[in-house]
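Report on the structure given below.
As the structure is a computational prediction, the values presented were derived from the model and not from experiment.
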Amino acid sequence: MLDMGLSPDFALTGNLMWRLYTEHTAGERPIGILQMDEHALAFLLRATGPIEIDGAALTTDNAVEYISRTVYAN
């Protein structure tokens, strides 16, 4: 799903993500799908605090670096 959000057709992208998620999680349905760029995520993390993704702590200070570089390097 990493590059799925590159299309400006958000309705199509959301539907594709929804289908992929439900197909790969034994029918568990997500509450919704939120799409944002790494800068918006870093800003949001100021309010929510850090989150964990694949064992890495994502914070307002490292979100942009992680999303735009580290995820691809890994």
Q) Side chains of L45 and T48: does their closest heavy-atom pair fall under 4.5 Å? A) yes
Q: Mind listing the closest non-hydrogen atom pair of I53 and Y66 along with its distance?
A: O-OH, 3.8 Å
Q. If you take all heavy atoms of V64 and E38, which pair is closest and at what distance?
A. CG2-O, 3.8 Å
(Q) Do I67 and F43 sit in one hydrophobic cluster, given that two such residues count as connected whenever their side-chain heavy atoms are within less than 4.5 Å of each other, even indirectly? (A) no
Q) Rounded to the nearest 0.5 Å, how far does CG of L58 lie from CD of E65? A) 11.5 Å
Q: Could you tell me the separation between the CD1 atom of I51 and the OG1 atom of T59, rounded to the nearest 0.5 Å?
A: 10.0 Å
(Q) Taking A42's backbone N and O only, do any of them form a donor-acceptor pair with T60's side chain (distance below 3.5 Å, no angle check)? (A) yes
Q: Check whether any side-chain N or O of N62 sits under 3.5 Å from a backbone N or O of A57 as a donor-acceptor pair, and report yes or no.
A: yes
